Amino acid sequence: MNRWWLRLTHHVAPYTLRISVLVLLVLMGAGLTVLMPWPMKLIVDYVLTAEPLPENLAWLNILTGTTETTGLLAWLVFSTLLLFVVNRGIQVLKAYIQDGVGNRMMYSLGGELFDHLQRLSLRFHNQRQNGDLVRRVTTDSGCVRELVMGVYLPALTSLASLLVMFAVMWYLSPLLSVIALLAAIPLPVLIRLLTPRMTERTYVQQEYEGQLMALAEQTLTGLPVVQAFAQEGREEQRFRALSRSTIKAYLRTITAELQFTVGVSSATAVGTAAMMAVGGVQVLNGTLTVGSLLVFLTYLAALYGPMETLAYLTSSYASASARARRVLEILDEDQEVKDAPGALVLAAHPSGQVGHISFEDVSFGYESGREVLHNVSLDVSPGETIALLGPTGAGKTSLVSLIPRFFDPWQGRIVLDGTDIRDIQVASLRNHISLVLQDPFLLPLTARENIAYGRPEASREEIVATAVAANADGFIRDLPQGYETPLSERGATLSGGQKQRLAIARALLKDAPILILDEPTSALDARAEALVLEALERLKQGRTTFIIAHRLSTIRNANRILVLEEGRISWVGTHQELIEENGLYRRFCSGVTGDRLKE
Ligand code: DCP
Ligand code: MG
């Protein structure tokens, strides 16, 4: 984590010019702030007393072209106005550039993080909570903005204002400058004393807020279960209890902050009083003008702002660095499944027969120490259809998810047309595979866009034809806006079987030489299944197909059936052999995979 900010510089570098302008504006702003009380000083010291200007201010007479007091007054009033307007203008411009650049840097880092996250393996994502990852992309990526706009720039602003102010004060009266310095001392002390408490309480408060958000999100996601078990009351209780704790934590934070504010105000009051006393005596002695005392008092009040900023820098830095840690932790996460150097790019439109897949002594598991597939060997010819059968949890889904390299085997290798799939470019490998997942997840797009997800350039005719083939055209036309109906996040407006048919259409339209179907018809009734199977039958032609199913009807036409039990291939043969081999058939019938196999 050392020098973490060095790793973020490429998100800052493109904005060097704009940041330079910002620095310039900051310095100009600091100068103008220091000038602010001066017209007042001149009015008090020279206009109200009708004293002539001293030699070192004679240039004012030349500039204004007048030596009359009223003329000078008018000019000074005007310059106050000008100072205000210009200073405001600078602040506005600064805020505009600062927010623009800050957000650009944040989204630049957020974009890098999002892209990286998308490419991390499913194993990584299985172990992580989506909510937490979303927070890292959308919120924690603000660390780079926080660092530049919340640490470096304020540090510069504060130091510049403090230095200039102090120089002017010293020029006016060294004694009063020392008093101002003494009056400022309580501030760092207060901060040292109270910051840990404020930070701690803010942290607790944010924790509670996070829990509250998580509870609301979880309850809404699992709402069907909550409602089915009539547990709304209990969830409400939990929410209210958590809300109470959150409010309590919030009040504790506010108390700490108020203590701090009271402390700062007291210090300012004491400092102001001391300065008035000493300055008053000096004015009476004639060693200080009234106007200079006013300048001092104004600076004293203005001193606290930058000092406070400086004192908070460490905590701002700590917060930015904590967030950066959460971002970099993900960026450091190695892409387990990635292109090997010189990886083979498969031809987009291969000529001749493709799709020869062999598993060579493949073992695989999700967590170390718990192997799910043990020494699986299998040779599938191009165009062959393999049906996978086996009890739930046997490893069927795991076996087929090795083919598109959602995971890499622990041991052994998978070879596609003579090349180890680890030596094939991941994207081109996946372009050769059409998948219907066990959970037919649809994206929050229209029905048409969902079907065309793997081939956005497909024509409407092709899309409709595929939907017809997947037996999905009918219900899509019945949707309120037909093919243009937006489907909600989880495709909740469709039934399980409808989602499945849409997922099949999506896979079919992709038109890849390898087809993987994980229980594609489990949610369909016998009639719908027959129609889909018939369509699949046509589309399987010439494609190497893996189909996982629980029903014999689904796998009847497979070239070979493969029975998987506890991660091992326990039987391979044709449908006819399966029926003839009494023992095996009986075993299925007696409930290993349920009696659905009886048909
Ligand atoms: N498993 C795991 N982590 C995952 C997925 C599965 O630890 N992300 C485990 C659970 C099972 C084993 O792997 O013990 C095999 O799971 P599969 O999903 O491969 O099993 P099937 O697809 O055969 O089961 P089903 O018929 O229920 O889909
Ligand atoms: Mg499965």
Side-chain angles (χ1 to χ4, degrees), residues 117-130 132-133 333 335-337 357 359 361-378 380 385-412 414 433-441 496-497 499-500 503-504 507 514-524 529 532 536 545-555 558 560-572 578 584 587-599:
L117 260 182
Q118 278 197 95
R119 290 164 203 278
L120 288 177
S121 70
L122 293 183
R123 184 203 312 277
F124 169 86
H125 284 283
N126 282 344
Q127 291 163 352
R128 296 292 184 140
Q129 287 193 314
N130 278 347
D132 177 63
L133 295 179
E333 197 66 47
Q335 240 171 289
E336 272 173 77
V337 174
I357 298 173
F359 281 68
D361 198 27
V362 170
S363 296
F364 166 74
Y366 295 92
E367 308 155 20
S368 59
R370 211 162 63 82
E371 204 175 84
V372 170
L373 295 173
H374 318 282
N375 308 91
V376 172
S377 290
L378 172 70
V380 186
T385 299
I386 296 284
L388 280 162
L389 211 66
T392 173
K396 305 181 293 293
T397 301
S398 309
L399 184 96
V400 294
S401 41
L402 297 179
I403 303 173
R405 284 191 75 197
F406 288 151
F407 309 95
D408 281 334
W410 285 358
Q411 181 208 307
I414 299 168
I433 301 171
S434 275
L435 261 173
V436 177
L437 297 170
Q438 199 163 7
D439 177 16
F441 195 90
K499 273 191 271 182
Q500 220 163 26
I504 291 173
I514 300 165
L515 199 58
I516 297 175
L517 308 157
D518 195 347
E519 306 201 26
T521 58
S522 60
L524 303 183
E529 183 191 23
V532 170
L536 280 180
T545 307
F546 291 81
I547 180 164
I548 300 177
H550 278 123
R551 284 187 268 197
L552 276 188
S553 56
T554 318
I555 58 179
R560 272 190 295 166
I561 292 166
L562 191 143
V563 179
L564 204 64
E565 277 175 286
E566 291 179 3
R568 287 193 172 78
I569 298 181
S570 61
W571 191 85
V572 186
L578 180 70
L584 195 67
R587 215 162 68 233
F588 281 124
C589 294
S590 65
V592 178
T593 55
D595 52 7
R596 283 194 282 167
L597 268 169
K598 269 186 202 152
E599 298 177 32

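Indexing begins at 1, ligand by ligand and atom by atom, following the structure's order. From a predicted model like this one, the values you see are computed outputs, not experimental measurements.
Checking side-chain atoms of Ser434 against main-chain N and O of Ala507 turns up a donor-acceptor pair under 3.5 Å. The main-chain N or O of Tyr366 is found under 3.5 Å from a side-chain atom of Arg123 such that the two form a donor-acceptor pair. Using a distance-only test at 3.5 Å, with no hydrogens or angles considered, a donor-acceptor pair links the side chain of Lys396 to the main chain of Gly390. In terms of modelled atom types and a separation under 3.5 Å, the side chain of Gln500 and the main chain of Glu519 share a donor-acceptor contact.
Contact annotation for atom 10 (C) of ligand 1: protein absent (non-hydrogen atoms, distance under 4.0 Å).
Looking only at heavy atoms of the protein, atom 18 (O) of ligand 1 is closest to Thr397 CB, 3.6 Å. Annotation: atom 28 (O) of ligand 1 to nearest protein heavy atom, Gln438 NE2, 2.6 Å. Looking only at protein heavy atoms, the nearest one to atom 17 (P) of ligand 1 is Ser398 OG, 3.5 Å. If you check which protein heavy atom lies closest to atom 25 (P) of ligand 1, you get Thr392 OG1, 3.6 Å. Given atom 8 (N) of ligand 1, the protein heavy atom at minimum distance is Asn126 ND2, 3.4 Å. For atom 24 (O) of ligand 1, the closest heavy atom belonging to the protein is Gly393 N, 2.8 Å. The protein heavy atom nearest to atom 26 (O) of ligand 1 is Lys396 NZ, 2.8 Å.
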| message | One pair to check against side chain to side chain contact (heavy atoms under 4.5 Å, CB included): Phe359 and Ile403. What are the steps and the verdict? | response | CA-CA 9 Å; Phe359 281 68; Ile403 303 173; 3.7 Å; yes
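In this structure, Arg370 has a heavy atom closer than 4.0 Å to ligand 1. Gly390 does not count as a contact of ligand 1, since none of its heavy atoms falls under 4.0 Å from the ligand.
Using a 4.5 Å heavy-atom cutoff, the side chains of Leu402 and Val376 are not in contact. Residues Asp408 and Glu336 are not in side-chain contact: their nearest non-hydrogen atoms beyond the backbone lie 4.5 Å or more apart. You'll find the side chain of Arg405 stays beyond 4.5 Å of the side chain of Ile414, heavy atoms only. Considering only heavy atoms from C-beta on, Asp518 stays 4.5 Å or farther from Leu437 through its side chain.
Listing protein N, O or S atoms at distances below 2.8 Å from the Mg ion (ligand 2), with waters left out, gives Thr397 OG1, Gln438 OE1.
Comparing heavy-atom distances from atom 1 (N) of ligand 1 across Phe406, Phe364, Phe407, Tyr366 singles out Tyr366 as nearest.
Annotation: the span from Gln411 atom CD to Leu373 atom CG amounts to 11.5 Å, rounded to 0.5 Å.
Near Ala394, the atoms of ligand 1 lying under 4.0 angstrom from a non-hydrogen atom of the residue are 20 (O), 23 (O). Heavy-atom proximity to Glu519, at under 4.0 Å, picks out these atoms of ligand 1: 26 (O). Residue-ligand proximity, Gly395 to ligand 1, at heavy-atom distances under 4.0 Å covers atoms 15 (C), 17 (P), 19 (O), 20 (O), 21 (P), 23 (O).
Applying the 6.0 Å contact sphere to CZ of Arg119 captures no more than 12 heavy atoms from other residues, nucleotides or ligands.
Contact annotation for Val372 and ligand 1: only side-chain heavy atoms (C-beta onward) come within less than 4.0 Å of the ligand.
Between Phe407 and Phe364, the two ring planes are tilted [angle within 30° to 60°].
Only one option out of Leu517, Leu515, Ile357, Thr385 pairs with Phe546 in a side-chain contact (heavy atoms from CB on, under 4.5 Å); it is Ile357.
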